[in-house]
Each structure stands twice: as structure tokens, then as C-alpha cells.
Amino acid sequence: MATLHHYEIVVIGAGVGGICAALAAGRLRRRVLLIDCGKEAGGTGVHTSVSLVCKFRGTDGTVINNGIHRELFPQAYAVGRGLFGEEDDVPTYDEQELKAAYQKLLEREPYVTVWTDSEATEVFTEQRVNASGEKSRRILGVEVVKGKQLRIRVTGDQFLDATADGNLSAMAGADFQLGREQDGKMQTATVTFKMSGFRTSLLQNPNVRTWKGIHALRRELTGYYEQMKALGQTNNPRPSVLCFPYPDGQSLLFNSTAVTDVDPTNQESVDRGMAEGVRQAAELIEAVKRHPAFADATVDFIAPKLGIREGRRVVGEYMLTADDCLTARTFDDMVAACAYSLDIHDPLGGASKLTPIQEPGYYHIPYRSLIAKGWDNLLLSSRCISGSHEAHSSYRIMSGVSAIGEAAGTAAALALWLRKEDVREVSAARIRYVLQTAGQFVEGNVEKVTLG
Ligand SMILES: Cc1cc2nc3c(=O)[nH]c(=O)nc-3n(C[C@H](O)[C@H](O)[C@H](O)COP(=O)(O)OP(=O)(O)OC[C@H]3O[C@@H](n4cnc5c(N)ncnc54)[C@H](O)[C@@H]3O)c2cc1C
């Protein structure tokens with residue numbers, strides 16, 4: 001018999017999207033439960049290790065994410081204008097520092113309860129007919145399995161899907177899309193790894209902290225990798241080596257394996273992908289160690305979790321398109337913004353393709369893309385928001401997802417403050433008012449809200 005708990009806001013998934021949502025809602029004094037099936041909170045940004053703090057400024061340097069993201073990556077805001085010039089330092093982070101920042105912020109928040117090692121396995125819903133005779137659906141609760149054994153029933157007023165792959169929405173029965181339009185294929189997955197102890201004096205450009213230095217290093221290492229490929233010693237389909245410096249310049253994070261055909265909705269496929277990624281990582285380490293500067297380098301870790309770039313994209317009240325992103329489209333119901341290029345890691349394993357956003361270098365993310373279509377209390381709070389395969393390749397980065405999470409958490413808290421059962425009745429102008437009060441970047445008119 002399951003025990004019963006009630007929280008005002010239930011967030012499933014404690015990656016950057018879920019954590020930012022929980023913090024935003026908790027800071028607005030609503031009781032939040034944040035659940036993750038992993039042993040620790042942090043999601044992809046901690047357990048896959050991804051390294052780069054991607055662009056969060058428009059072309060003129062305007063910061064377009066000044067919210068919780070800034071608390072997570074303060075050093076990236078401190079460096080110049082962050083415009084990725086060749087002489088600039090590469091804005092990266094250390095995943096252990098990010099984990100510590102998450103812990104500190106969550107522990108400091110009395111309205112947020114965190115359950116790890118807890119998996120949402122079932123969703124209870126109801127169908128309703130509103131005053132205008134329209135049908136809509138609601139989540140009543142979720143079944144959570146804690147520590148693989150204890151079954152707990154959690155009811156809530158608002159539910160946030162921060163699972164990255166839209167797992168909560170799919171269990172509830174919401175519509176979703178998977179993969180690109182022509183063949184359903186998704187971006188490649190990657191096992192990352194960290195190496196230290198290389199001798200910078202043996203590199204063409206020893207200052208690997210700068211873009212110029214890291215580009216030179218990648219070219220040098222690609223030479224050794226190409227030799228390995230020519231000898232048929234690796235099946236890794238990536239054409240070149242991709243690595244980033246840790247902030248101290250003493251270690252490197254390699255984001256350079258490429259596993260095709262991983263379907264995150266199928267555990268067997270994920271397990272197979274992990275095994276292939278680890279195999280490719282071992283081959284790549286061998287290639288890197290052929291460079292004299294890396295002869296005595298050590299492998300600090302191979303990431304424990306397969307890095308999955310793409311999963312379900314839940315169908316929302318609006319589906320963001322590639323054209324919306326590339327033409328820097330603005331929306332009346334914007335609640336977040338993203339400045340990162342479209343960045344598609346070729347599903348067939350080739351090079352990744354980066355297409356920048358037109359002037360002013362960022363686009364709006366509309367509130368409707370965060371609302372699962374036809375659902376009253378299901379907000380999307382991770383990379384599973386409503387958008388095309390191409391649009392997703394841009395906003396999936398941590399700056400985009402943190403802004404999405406912060407907006408979704410704010411919207412859920414406002415729905416409670418305003419006593420709205422349907423999140424569609426919370427106006428974007430009010431969400432923007434609260435986000436702006438907290439320091440977040442917003443554009444468009446705002447409508448004042450008094451809480452409490
Ligand atoms: C290899 C790789 C490299 C990348 N490089 C960069 C980079 O350099 N810079 C950048 O900004 N971004 C990068 N990204 C993208 C970015 O890291 C992710 O898109 C982003 O972190 C996703 O955040 P999220 O909150 O949507 O999901 P996640 O961080 O994946 O969190 C989802 C959480 O939901 C939990 N969960 C799922 N289902 C359930 C369930 N049923 N019950 C309970 N919990 C559940 C999972 O355990 C997980 O912790 C990279 C991604 C990859 C894979």
C-alpha cells in the first residue's frame with residue numbers, strides 16, 4: 001500500500017531545468033517537491049559533464065539570461081563580454097562545482113524538498129470539461145518508487161516535466177514527437193571523459209584556456225585521431241576531436257565520441273549506447289596519448305552516464321520552429337530567451353552543424369511552448385518543451401533550459417497565488433513581472449502582481 005504525500009508543485013527531474021524551476025517556485029513560497037531517479041541531483045550537466053557555458057548574450061553583448069543561471073555560473077558572467085573572440089578565455093565550468101552550487105541553493109531553500117533515488121513510474125490523470133464546454137486534462141498525482149522498493153503516491157496542484165525526455169508527459173498520455181521529421185533519427189549521444197597531467201610546453205599554443213589555444217590543440221589531436229581512423233582502429237564516426245579546457249586550464253573535457261541510433265525511451269538502446277560510447281572513449285584516449293604532450297596524462301574519469309542530447313519533444317500550445325529561432329523571432333508571450341546557435345550533432349554521426357541566430361542574436365521562447373497541449377496543470381520545464389528537432393538543438397543548452405525552468409517554476413507558483421487551476425490562465429505579462437523582479441531578462445509589457 002503506497003503512502004500519500006501532497007505538495008503544491010511537483011517537479012519530476014532534477015537537472016538544470018528542474019532545479020531552476022524548483023528554486024523559482026520555492027522562492028515564491030510555494031511548497032515544492034523535486035524528484036529525481038538518480039542518486040544525486042544534477043542531471044546531465046553534472047553526471048554527463050558537458051563543460052561549456054554556451055552563449056547567453058545577444059550580438060551586442062546584452063545578457064539575455066540574468067536569472068538563476070547567473071548564480072550557477074558566476075565566473076562566465078565575469079569574463080569580458082563573453083563574445084567568444086579567439087583571444088577570450090573559453091567559458092567553462094567544473095561539474096563538481098556545479099553540483100556543490102546546486103546543493104547549496106537547494107539546501108538554502110526551505111520551501112523545496114528533494115527526493116533522490118526516486119522514480120516517477122505512473123501518472124494518474126482525469127479529464128474535465130471547462131465552462132466553455134472544452135475538454136482538458138489534469139494530472140492528479142504520480143506514483144513514485146523510492147530506493148527501488150518503497151511506493152509513494154504524491155498528489156499535487158501543478159506538475160512540471162523536467163525529465164529532459166518528456167517521461168512524465170508520455171506517462172500521462174500527452175502527445176509528443178521523437179526525432180527529426182524525415183526519418184525519426186535523433187542527434188548522436190556522447191560519453192565524455194576528463195584528462196589531466198598533459199605538458200602544455202609541448203603544445204603549439206600552451207594557453208589552452210583561450211579559444212585560440214583550444215582550437216590549436218583540437219587540430220593537433222585531430223591529426224593523431226585521423227591516423228587512427230585511417231588504420232581502421234576506431235569506428236567513431238566523428239570527423240575531428242572536440243575538447244574543452246576546465247576553468248583552471250589543467251584538465252580537459254573530451255566531448256568527442258558519437259553514438260548513433262540511441263533512443264532514450266528504450267533502456268536497452270541506452271545501455272547499448274553507453275557500452276559503445278565507452279569503447280569509443282578508450283580508442284580516443286589511445287589516440288590522444290600518442291601526442292607527446294599527453295604521454296603521461298591521466299584519465300580522471302569516464303562519465304558515468306551516457307550524454308543524451310535529444311529525446312521526446314512534447315506537443316505544446318505552440319511549437320517553436322527553426323525559422324523562429326534563426327530569424328530571432330519575438331513573441332508577445334515570451335518568458336525566456338536563448339542566444340545559442342542551432343547545433344545539430346549529425347544523427348548519422350558526421351560533423352555537427354552550427355547555424356547562428358540573426359541579429360540581435362537571440363530569440364524568444366513563448367510561454368505556450370511550455371504548456372503541454374490540452375493539459376491544465378502540466379508545464380514543461382526541461383529540454384522537452386514544444387519545438388521542432390532543429391529548434392530543440394538550440395534551446396537544449398543549459399542557458400536555454402535554465403531560463404525555461406525558471407519561467408515554468410514561476411508560472412506554476414503564480415497559478416497557485418492567483419488561484420488558477422489552468423496554467424493557461426496565467427498571463428505571460430504577469431510571469432514576466434515576477435521574473436523581472438527576480439532579475440531575469442524579459443522583453444514585453446509586464447503586469448504587476450501582488451503575492452500574499
Ligand atoms: C554530450 C553532451 C554535451 C553537451 N554539451 C553542452 C555544453 O557544452 N553546454 C551546454 O550548455 N549544454 C550542453 N549540452 C546540453 C545540456 O547539457 C542538456 O541539454 C541540459 O543539461 C538538459 O537539462 P534538463 O534539465 O533538460 O535535463 P537533465 O539534466 O537530463 O535532467 C533530467 C533529469 O530527470 C531525471 N528523470 C528522468 N525521468 C525520471 C523519472 N521518471 N523520475 C524521476 N526522475 C527522472 C533524470 O534522472 C535527470 O536527472 C550537452 C549535452 C550532452 C548530452
Side-chain angles (χ1 to χ4, degrees), residues 10-22 33-56 65 69 72-73 76 90-93 95 98 102 114-123 142-146 154 160-172 186-193 242-244 253-259 262 264-265 267 270 273 277 303 305-313 338-340 343 345 352 380-385 392-405 408:
V10 181
V11 183
I12 310 292
V16 72
I19 291 173
C20 290
L33 176 62
L34 174 64
I35 296 176
D36 200 284
C37 54
K39 295 268 179 233
E40 293 172 315
T44 300
V46 169
H47 303 294
T48 293
S49 303
V50 301
S51 191
L52 183 65
V53 182
C54 291
K55 195 159 163 253
F56 54 83
N65 187 350
H69 184 262
L72 300 174
F73 306 104
V90 186
T92 55
Y93 71 94
E95 64 284 337
L98 178 62
Y102 283 149
V114 183
W115 289 357
T116 51
D117 202 8
S118 301
E119 182 175 4
T121 53
E122 209 179 329
V123 182
V142 289
E143 174 113 331
V144 176
V145 178
K146 209 169 186 331
V154 181
L160 270 61
D161 189 340
T163 62
D165 295 324
N167 296 337
L168 175 71
S169 305
M171 281 190 281
M186 286 170 270
Q187 295 195 50
T188 49
T190 292
V191 171
T192 58
F193 59 89
L242 182 67
C243 57
F244 295 94
L253 196 274
F254 287 82
N255 174 353
S256 210
T257 61
V259 187
V262 174
T265 68
Q267 192 54 46
V270 174
K305 209 174 156 211
L306 177 65
I308 294 182
R309 293 189 171 80
E310 185 174 353
R312 295 186 192 91
R313 304 177 329 267
C338 182
Y340 190 56
D343 177 10
H345 289 243
S352 57
L380 310 169
S381 172
S382 54
R383 61 168 161 75
C384 67
I385 68 161
H392 168 279
S393 75
S394 166
Y395 57 69
R396 70 186 173 88
I397 51 115
M398 296 181 75
S399 174
V401 175
S402 68
I404 287 166

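Counting starts at 1 for both ligands and their atoms, in listed order. Along the sequence shown, residues are numbered consecutively beginning with 1.
Remark: the backbone N or O of Gly38 is paired with a side-chain donor or acceptor of Asp36 at under 3.5 angstrom. Side chain of Glu310 to main chain of Met186: no donor-acceptor pair is present (N/O by atom type, distance under 3.5 Å, no hydrogens or angles). The main-chain N or O of Thr48 is found under 3.5 Å from a side-chain atom of Thr192 such that the two form a donor-acceptor pair. When atom types are taken as modelled, the side chain of Thr116 and the backbone of Glu40 share no donor-acceptor pair closer than 3.5 angstrom. Distance alone, capped at 3.5 Å, places no donor-acceptor pair between the Glu143 side chain and the Thr121 backbone. Ser382 places a side-chain N or O within 3.5 Å of a backbone atom of Asp161 that can act as its donor or acceptor partner.
Residue-ligand proximity, Gly307 to ligand 1, at heavy-atom distances under 4.0 Å covers atoms 53 (C). Heavy-atom proximity to Met398, at under 4.0 Å, picks out these atoms of ligand 1: 10 (C), 11 (O), 12 (N), 16 (C), 17 (O), 21 (O). Less than 4.0 angstrom separates some heavy atom of Thr190 from each of these atoms of ligand 1: 1 (C).
Residue contacts with ligand 1: Gly18 is placed with no nitrogen or oxygen under 3.5 Å of a nitrogen or oxygen of the ligand (distance criterion only). Close N/O approach between Arg383 and ligand 1 is found [any backbone or side-chain N/O within under 3.5 Å]. Considering backbone and side-chain N/O of Asn167, one or more are found under 3.5 Å from N/O of ligand 1. Residue Thr44 has at least one nitrogen or oxygen atom sitting less than 3.5 Å from a nitrogen or oxygen atom of ligand 1, judged on distance alone. In terms of polar-atom proximity, Asp36 is counted as a contact of ligand 1, with an N or O under 3.5 Å from an N or O of the ligand. Polar contact with ligand 1: present for Leu52 (N/O pair, distance under 3.5 Å). Considering backbone and side-chain atoms together, Val50 places an N or O closer than 3.5 Å to an N or O of ligand 1. At least one N or O atom of Cys37, backbone or side chain, sits closer than 3.5 Å to an N or O atom of ligand 1. Taking only nitrogen or oxygen atoms, main chain and side chain alike, Ala120 reaches within less than 3.5 Å of ligand 1. At least one N or O atom of Gly17, backbone or side chain, sits closer than 3.5 Å to an N or O atom of ligand 1.
Ring planes of His392 and Tyr395: perpendicular class, angle over 60° (limits at 30 and 60°).
Within the structure, the closest approach of Ser118 to ligand 1 falls below 4.0 Å when heavy atoms are considered.
For atom 24 (P) of ligand 1, the choice among Thr188, Ile35, Val401, Ile404 with the nearest heavy atom turns out to be Val401. The closest heavy-atom contact to atom 31 (O) of ligand 1, among the options Gly13, Gly277, Gly15, comes from Gly15.
Contact annotation: for Cys384 versus ligand 1, there are no heavy atoms closer than 4.0 Å. Residue contacts with ligand 1, taken as heavy atom pairs separated by less than 4.0 Å, involve Ile12 solely via side-chain atoms from C-beta onward. Contact annotation: for Ile308 versus ligand 1, heavy atoms closer than 4.0 Å belong to the backbone alone.
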Checklist entry - How far apart are the C-alpha atoms of Lys39 and Asp117, what are their side-chain angles, what is the distance that settles it, and do they pass the salt bridge (Lys or Arg N to Asp or Glu O under 4.0 Å) test? => result CA-CA 5 Å; Lys39 295 268 179 233; Asp117 202 8; 3.4 Å; yes
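The minimum heavy-atom distance between Ala162 and Val11, with the atom names listed, is CB-CG1, 3.9 Å.
When side chains are defined from C-beta on, Val191 counts as touching Leu306, because their heavy atoms get closer than 4.5 Å.
Side-chain contact check for Arg309 and Thr190: at least one donor-acceptor pair (N or O, by modelled atom type) lies under 3.5 Å.
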